[in-house]
2 protein chains.
Amino acid sequence: MESRFNSQLLERAVSELSKLPGIGRKTALRLALHLLRKDPEEAHDLGEAIISMRDNISYCHRCHNISEEETCPICGDSRRDQKCICVVENVRDVITIEATHQFHGLYHVLGGLISPLDGIGPSDLEIQSLVDRVSQEGIEEVILALSPTIEGDTTNFYIFRKLSDQDVKVTVLARGLSVGNELEYADELTLGKSIQNRIPFT
Amino acid sequence: MESRFNSQLLERAVSELSKLPGIGRKTALRLALHLLRKDPEEAHDLGEAIISMRDNISYCHRCHNISEEETCPICGDSRRDQKCICVVENVRDVITIEATHQFHGLYHVLGGLISPLDGIGPSDLEIQSLVDRVSQEGIEEVILALSPTIEGDTTNFYIFRKLSDQDVKVTVLARGLSVGNELEYADELTLGKSIQNRIPFT
């Protein structure tokens with residue numbers, strides 16, 4: 001069987017690459033031809049990194065963040081505050097928050113947001129396991145760090161209700177002006193929130 | 001050593017993915033997390049396809065197109081016109097022209113265009129090997145199928161001069177209106193060329 005590319009191997013690589021999100025066949029071909037021009041080591045490094053990552057990374061049984069062990073390094077770090085959980089939508093948000101160096105507690109990755117339109121209900125997410133953790137681990141504060149969208153707000157509210165019979169403080173990330181942005185470019189909702197929630201000038 | 005991602009394996013995969021052209025660290029992370037969510041088979045298929053492609057594809061010694069054998073399937077196809085060579089910039093252009101099903105001769109891949117600003121001269125390209133092929137293989141027609149840019153025109157002219165002492169017809173792809181485009185949107189240069197090079201209505 002002859003492929004469009006006169007090479008089954010190229011055809012296969014392009015077809016696998018184009019399964020990645022945001023990568024069409026044209027881009028996949030560009031990437032494949034790039035790898036063909038480079039040293040063989042580069043293709044080996046890439047291919048092996050992908051396989052080894054997939055084979056050896058799974059999810060932390062406690063917070064559902066990615067982890068090479070049963071328990072992730074964050075959950076296993078005794079220097080972190082074991083009484084405070086930051087609830088995030090996905091693994092990327094953990095990385096984003098860690099990059100701020102402003103949070104020293106644990107995480108809980110929901111794996112998505114409640115979105116009836118997309119058919120995602122509470123039972124599709126790690127919400128019950130959060131509720132269980134809060135009671136079993138004697139958590140004192142749950143920080144809701146979901147995106148300020150309709151889905152995020154819905155999920156926040158659902159979790160808040162689920163936790164209402166437990167003795168735990170539930171907080172949410174502050175809405176306000178983006179640092180470095182001009183006041184006149186802030187949208188009205190955000191500006192309104194930042195007036196309501198103004199804080200003492202220290 | 002602890003990485004930004006709390007996983008050396010993820011860090012390594014992201015770093016390898018972000019070496020690909022047009023893929024930054026954020027996109028690389030998105031791709032890696034996508035693979036982590038999918039079946040392990042998908043990551044294996046991708047990684048192995050990349051490695052196997054790189055290990056088994058090299059370049060045709062005759063036309064410099066990619067090939068799994070010493071001679072590519074196009075050069076090795078006796079049904080194709082062995083007296084006509086289509087000169088292209090790169091491997092992608094071979095694929096593009098093959099997709100038209102309008103060319104039945106052989107190819108010659110230059111590996112780039114003459115571009116003094118980028119430091120690419122004739123000796124960096126497969127031009128001498130083209131001149132040798134034309135004389136040794138008794139080629140009757142050379143079709144210059146380079147992009148209609150300054151670099152393409154410069155390269156066309158250089159090759160034309162190099163072939164001037166050989167008994168070979170040198171042609172160039174027609175410049176004219178794009179099929180399906182409205183006349184009023186054609187640029188003046190293209191429209192001018194298409195008037196100069198008008199053809200009998202059949």
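Reminder, nothing fancy here: chain letters follow the sequence lines and each chain counts from 1. For clarity, every value in this text was computed on a predicted model and none was experimentally measured. Values below: all heavy atoms of this structure, side chains included; hydrogens, waters and symmetry mates excluded.
By the side chain to side chain contact (heavy atoms under 4.5 Å, CB included) test, B:Q166 is found to be paired with B:V131, B:V134, B:S135, B:L163, B:V168, residues two or more places apart in sequence or in another chain being considered.
The local environment of CD in A:E70 is sparse, with at most 12 non-hydrogen atoms from other residues, nucleotides or ligands closer than 6.0 Å. Residue A:D187 qualifies as enclosed at atom CG: its count of foreign heavy atoms under 6.0 Å is above 12. For A:L177, the CG atom counts as densely surrounded, since its 6.0 Å shell holds more than 12 non-hydrogen atoms of other residues, nucleotides or ligands. Counting non-hydrogen atoms of other residues, nucleotides and ligands closer than 6.0 Å to CD of B:E137 gives a total above 12. Annotation: A:E188, atom CD; neighbour count of heavy atoms from other residues, nucleotides and ligands within 6.0 Å does not exceed 12.
When B:N90, B:N65, B:L36, B:I50 are compared by the number of non-hydrogen pairs under 4.5 Å with chain A, B:L36 comes out ahead. Between chain A and the options B:V94, B:I66, B:D45, the largest number of non-hydrogen pairs under 4.5 Å is found for B:D45. Of the listed residues (B:S67, B:S58, B:A32), the greatest number of heavy-atom pairs within a distance under 4.5 Å of chain A belongs to B:A32. Ranked by heavy-atom pairs shorter than 4.5 Å toward chain A, the options B:A13, B:A43, B:P40, B:G47 are led by B:P40. Interface summary for chain A: among B:M53, B:K26, B:E48, B:R54, the most heavy-atom pairs under 4.5 angstrom belong to B:R54. For the set B:R30, B:K19, B:E98, the count of heavy-atom pairs under 4.5 angstrom toward chain A peaks at B:R30. Of the listed residues (A:D55, A:L46, A:L33), the greatest number of heavy-atom pairs within a distance under 4.5 Å of chain B belongs to A:L46.
For B:H44, the parts sitting under 4.5 Å from any heavy atom of chain A are the backbone and the side chain alike. In this structure, the portions of B:L10 lying under 4.5 Å from any heavy atom of chain A include both its backbone and its side chain.
For the atom pair CG of B:N6 and CG of A:D77, the computed distance is 9.0 Å after rounding to the nearest 0.5 Å. The CG atom of A:L31 sits 5.0 Å away from atom CD1 of B:I23, with the distance rounded to the nearest 0.5 Å. Of the inter-residue distances, the one linking A:L9 atom CG with B:I51 atom CD1 reads 12.5 Å to the nearest 0.5 angstrom.
Listed here is the closest heavy atom pair of A:S7 and B:E68: OG-OE2, 2.6 Å.
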